[in-house]
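To find a chain, count down the sequence lines: A is the first, B the second, and so on, and within it residues start at 1.
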Number of protein chains: 2
Amino acid sequence: MDEISLFEERSKEFYKDYLPHVSIDCVVFGFHSNTLKVLLIRMKGQEHWGLPGGYVGKDEHIDDAAIRILKSRTGAEKVFLEQFKAFGNTGRSEKDLSYLPESIWFRQRFISVGYYALVDYEQIIPVVDDISTACEWKSVHELPAMMMDHRQIYEAALENMRFQLNYKPIGYNLLPEEFTMPDLQKLYETILGKPLSRSNFQRKMLAYDIFIKHDKERKGGAHRSPILYSFDQVKYQAALKTGLKEAW
Amino acid sequence: MDEISLFEERSKEFYKDYLPHVSIDCVVFGFHSNTLKVLLIRMKGQEHWGLPGGYVGKDEHIDDAAIRILKSRTGAEKVFLEQFKAFGNTGRSEKDLSYLPESIWFRQRFISVGYYALVDYEQIIPVVDDISTACEWKSVHELPAMMMDHRQIYEAALENMRFQLNYKPIGYNLLPEEFTMPDLQKLYETILGKPLSRSNFQRKMLAYDIFIKHDKERKGGAHRSPILYSFDQVKYQAALKTGLKEAW
DNA sequence: GCCCATTGTCTCATTATGATACAATGATAA
DNA sequence: TTATCATTGTATCATAATGAGACAATGGGC
């Protein structure tokens, strides 16, 4: 079955179950081998990659829709999810979807609500659903061309995450349970988009007093082993409430 | 004509012109006599106040719709407008609008896109349109009860503005052309929700070197007259690009 | 002309930051 | 076993930023 027939088939359900004109796109971030990753899919019939997305049930809260969509893509139940902006250009999908017949659900004009999700890379299994041909992690340093305005949505998500770095448990949700200061620094450098001083970074982070220091190191490599830390949830959450720097 | 007949009448146009299920709500901030204000309306048939809002033309960019809505309410053409979040609870309007017949446009489920606007209080003339009975400035310190989830939208707008205080021209857009350091401090204190040290605030702001100091003061009051300043647009915009504090 | 509230500016102790140095560690290879 | 080297943990020092407080300057009211 070619994708157009498939889409026609699926359109019937979509029109029945979902709210028209409203969609959801998720920017799913993971962190693996010192690199920030984004989960991308390839929709059937599309050359370019896109963000995993979906639609909102006629009687479903948009946040619940995002949770559902994310679970269907990653299997993950409890993920950090933050809605950050809506995207409603006219002609958002024109370039990539105008080859489809107008009756197909996807040809509508959609106002897309953008969410970003933070997941533990190791805990997730990307799922390819029936309207896509691929679902893979891509490094943010080597992002492929993306369909529609998804690149812009990704950029907005990253910027939003940057703003929230001192107020939301971003480190906790992207890193594994145990991690090292160099790990955390790489994550911060990627999100902030600039290099940070190694010694000063460590001094500052440790001064927050939000970590539990473990009595073990991570071996591997011909050099001194870094100490493993975890977040001290109580202190961490308390510190996030007022923000990790507090300039004013 | 009672409001139900009116709404039935207007519903026809709405269904014809606007995208269903998508609405826009604007949190319009102004600053007057050292107080932050929000523009609120009272919809016909409603006890509680609400945010000025509207709908998106079937072929209109959501940002353009927000600009149009704002202009119709304030007459202002060029206002600072920032979209910050979408609101899509099910039953958002149930409490306040379920008394209306189901056929009426307003009874739909709407996903509302939230914008906040910063305007010069002096330049604006609040407009009461045909579906509302009032349109007035209210002090954020004495906000009346609000309909639907509008209180929550307002809170989110304020929080967003707080986060953006160092990155967007918030002072410039809320204050008149000429202002004093005590004015600016009051504005910051209201947005941040806490008192700031007078002398240290002034030292810090002036150190940014983003102001033009005028050779005059504002007289009035049995005390020393504060110096008038304006923003130096070139330096101001440049400073905002990297942020006014830069902790990392 | 005195009083008082408010503003502009300064000082000083404390803290945070940037830059740099250096010892500690663990794998590798001689 | 020991030397080597990359990386990490930690210390140091100069500089900058911040918090707290003092005090003089100003303008209107009495």
Side-chain angles (χ1 to χ4, degrees), chain A residues 33-35 165-166 171 175-176 178-190 192-230 232 235 239 242-248, chain B residues 33-35 165-166 171 175-176 178-190 192-232 239 242-248:
Chain A
S33 58
N34 271 348
T35 315
L165 194 50
N166 289 299
L175 293 170
E178 298 187 339
F179 55 90
T180 69
M181 281 299 135
D183 292 344
L184 187 62
Q185 185 178 343
K186 262 276 166 289
L187 177 59
Y188 268 65
E189 288 180 332
T190 308
L192 294 171
K194 63 181 171 193
L196 302 171
S197 149
R198 189 180 60 80
S199 61
N200 295 337
F201 176 82
Q202 189 149 177
R203 177 179 60 189
K204 185 167 182 173
M205 289 306 304
L206 292 177
Y208 287 141
D209 187 31
I210 53 172
F211 302 103
I212 295 166
K213 186 177 187 170
H214 294 254
D215 280 334
K216 52 186 176 182
E217 297 93 39
R218 178 197 292 153
K219 311 281 180 179
H223 50 72
R224 184 168 181 174
S225 301
I227 300 169
L228 284 166
Y229 292 91
S230 295
D232 181 326
K235 292 179 178 173
T242 56
L244 285 183
K245 57 186 168 190
E246 268 302 283
W248 287 102
Chain B
S33 58
N34 270 349
T35 315
L165 194 51
N166 289 299
L175 293 171
E178 299 186 339
F179 55 91
T180 68
M181 281 299 136
D183 292 345
L184 187 62
Q185 184 178 344
K186 261 278 166 287
L187 177 58
Y188 268 64
E189 288 180 330
T190 308
L192 294 172
K194 63 181 172 191
L196 301 171
S197 147
R198 190 179 59 81
S199 60
N200 295 337
F201 176 83
Q202 188 148 178
R203 177 179 59 189
K204 185 166 182 173
M205 290 306 305
L206 292 177
Y208 288 141
D209 187 31
I210 53 173
F211 302 104
I212 295 166
K213 185 176 187 171
H214 294 254
D215 280 333
K216 51 186 175 181
E217 297 95 37
R218 177 198 293 156
K219 310 282 182 180
H223 51 72
R224 183 169 181 173
S225 301
I227 300 169
L228 285 166
Y229 293 91
S230 297
F231 283 97
D232 181 326
T242 56
L244 285 183
K245 57 185 169 191
E246 268 304 282
W248 288 102

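- Taking each heavy atom of A:Gly171 and A:Leu187 in turn, the nearest pair found is CA-CD2, 4.0 Å.
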Which atoms of nucleotides 8-10 of chain C (N or O only) lie under 3.5 Å from a protein N or O atom, and what are those distances?
residue: C:dG8; atom: OP1; partner: B:Ile227; partner atom: N; Å: 2.7
residue: C:dG8; atom: OP2; partner: B:Gln202; partner atom: OE1; Å: 3.1
residue: C:dG8; atom: OP2; partner: B:Gln202; partner atom: NE2; Å: 3.2
residue: C:dG8; atom: O4'; partner: B:Arg224; partner atom: NH1; Å: 3.3
residue: C:dG8; atom: O4'; partner: B:Arg224; partner atom: NH2; Å: 3.3
residue: C:dG8; atom: N7; partner: B:Arg198; partner atom: NH1; Å: 2.9
residue: C:dG8; atom: O6; partner: B:Arg198; partner atom: NH2; Å: 2.8

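- The CG-C1' distance, from B:Leu196 to D:dA17, rounds to 16 Å in whole Å.
- Scanning both residues, B:Asp183 and B:Arg218, for their nearest heavy atoms gives OD2-NH2, 2.7 Å.
- One can place CZ of B:Arg218 at 16 Å from C1' of D:dG28, the figure rounded to the nearest angstrom.
- Taking the side chain as every heavy atom from C-beta outward, B:Phe201 and B:Glu189 never approach each other to under 4.5 Å.
- Rounded to whole Å, atom C1' of C:dT15 lies 17 Å from atom CG of A:Asp209.
- Whole-Å rounding puts the A:Met205 CE to D:dT8 P distance at 16 Å.
- B:Asp209 meets the salt bridge (charged side-chain N to carboxylate O under 4.0 Å, His left out) test with B:Lys235; sequence neighbours excluded.
- Across the protein-nucleic acid pair, B:Phe179 atom CZ and C:dT7 atom P stand 15 Å apart, rounded to whole Å.
- A close approach under 4.0 Å does not occur between any side-chain nitrogen or oxygen of A:Lys204 and OP1 or OP2 of C:dA16.
- Residues satisfying the salt bridge (charged side-chain N to carboxylate O under 4.0 Å, His left out) test with A:Arg203, not counting sequence neighbours, are none.
- A straight line from CD of B:Gln185 to P of C:dT7 spans 9 Å, rounded to a whole angstrom.
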